[in-house]
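Data block below; observations after.
Whatever order the structure lists ligands and atoms in, that order sets their numbers, starting from 1. Below, all heavy atoms of this structure are taken into account, side chains as well, without hydrogens, waters or symmetry copies.
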Amino acid sequence: MNARELVQQILKKHGEIKDIYFVACGGSLVDLYPGFYFIQAESETMHGAWYTSKEFVIAPPKHLGKNSLVFICSHGGNTKETVEAAHLGKNSGAAVITMTHNPNSACNDDSMIPVVYDWSDTVNEKDKPQGIVLRVLNELMKVQEPNYKLYDGIADGIEKIDGIVRAAVNKVKNRTWVFAEKYADEPFLYIMGSGASYSQAYGFSICSLQEMQWMDCCYLHSGEYFHGPFEVTDEDHLYILLMSKGPNRVMDERALTFLKKYAKKYEVIDAEELGIGAIDDSCVEYFNPILFYAMSVAYRTGLQDKRRHPLDMRRYMGVVEY
Ligand SMILES: O=P(O)(O)OC[C@H]1O[C@](O)(CO)[C@@H](O)[C@@H]1O
């Protein structure tokens, strides 16, 4: 995908983009959150909103129209409510980018702007959904906002992130094994994160552990931890803390300080220690989630091996009517 050409094509037809909707389900929705967070934090001319597909269809934003851009992501490309959301965006006059892994799916539809991505291990992050969204937004911001300063930093980060992820995956191999040995039978755990990486606490919980391991767990925002959830903290509860590098790190550090004092069982996955600092401080925040996704894969694989629960085993999803 040529992000620059894609943005030119959109602006030619739609003029200024005023709002961007990020719409998908489950793991695909997780991939769209960093883009939403980026627009909210960086854009002077656009607002972002992040929707699970069905809600977008049931309660479409009144603002949706010609000056909107809708990012749709569906890995398999045929999730009913996501396809409906894409058509709703198109029929409302918005520019709709439909990302899918499946070239033979409803999302690979030339009446919108389809982007078919490969998902094999050798594919670089820039060509996977999080990277695609970041590249498109980087180009859009450059054209639409004269004050935008992150263009080079983001472009550089996109080049560096693959090396960082590969090194980090090697580095945590033993840790994921030890974690699985210690906690494979844990009845419940919490996963905390913040900023753009709140998405990864969410995805780690709902996709990697609830869906793929049938483990009871819950995601928490590191900032929100202190507004209720910390009352259950004791030596028995287990936490995974995703520590970002970036302005939001202070929230993760506050949670860590508390865990060190009052908890006993916690695993820290620290992006800084895992090398994310090679990316410029001005935009490193938006790359943490790519690294944390790779970490969630490493940890869930460790759990799969120890628990002898295959990651692709389902009892309801795609098996029964729902
Ligand atoms: O990305 P797709 O194909 O729309 O599928 C969404 C489904 O896939 C998952 O992301 C992973 O199985 C689920 O969370 C969700 O129900």
Q.
If the threshold is 4.0 Å, N to carboxylate O, is there a salt bridge linking Lys128 and Asp31?
A. no
May I have the N/O to N/O pairs between ligand 1 and the protein that fall below 3.5 Å, each with atom names and distance to one decimal?
unit_1: ligand 1; atom_1: 1 (O); unit_2: Ser28; atom_2: OG; d: 2.5
unit_1: ligand 1; atom_1: 1 (O); unit_2: His75; atom_2: N; d: 2.8
unit_1: ligand 1; atom_1: 3 (O); unit_2: Ser74; atom_2: OG; d: 3.3
unit_1: ligand 1; atom_1: 3 (O); unit_2: His75; atom_2: N; d: 3.3
unit_1: ligand 1; atom_1: 3 (O); unit_2: Gly76; atom_2: N; d: 2.7
unit_1: ligand 1; atom_1: 4 (O); unit_2: Ser74; atom_2: OG; d: 2.6
unit_1: ligand 1; atom_1: 4 (O); unit_2: Thr79; atom_2: OG1; d: 2.5
unit_1: ligand 1; atom_1: 5 (O); unit_2: Thr79; atom_2: OG1; d: 3.4
unit_1: ligand 1; atom_1: 10 (O); unit_2: Gly27; atom_2: N; d: 2.7
unit_1: ligand 1; atom_1: 12 (O); unit_2: Glu211; atom_2: OE1; d: 3.3
unit_1: ligand 1; atom_1: 12 (O); unit_2: Glu211; atom_2: OE2; d: 2.6
unit_1: ligand 1; atom_1: 14 (O); unit_2: Gly27; atom_2: N; d: 3.4
unit_1: ligand 1; atom_1: 14 (O); unit_2: Glu211; atom_2: OE1; d: 3.4

Q | Exam field: side chain Asn124 to backbone Asp127, donor-acceptor pair closer than 3.5 Å | A | no
Q) Tyr239 vs His237 aromatic rings, parallel, tilted or perpendicular, using cut-offs 30° and 60°? A) tilted
Q) After noting the C-alpha distance and the side-chain angles of Tyr151 and Glu139, does the key distance pass the side-chain hydrogen bond (donor to acceptor under 3.5 Å, both in side chains) rule? A) CA-CA 8 Å; Tyr151 185 83; Glu139 295 296 339; 2.6 Å; yes
Q: Determine which pairs satisfy ring pair (Phe, Tyr, Trp, His ring centres under 6.0 Å) with at least one residue from residues 300-322, sequence neighbours left out, and list them in order.
A: Trp214-His309
Q | Donor-acceptor contact present, side-chain Gln40 to main-chain Gly48, <3.5 Å | A | yes
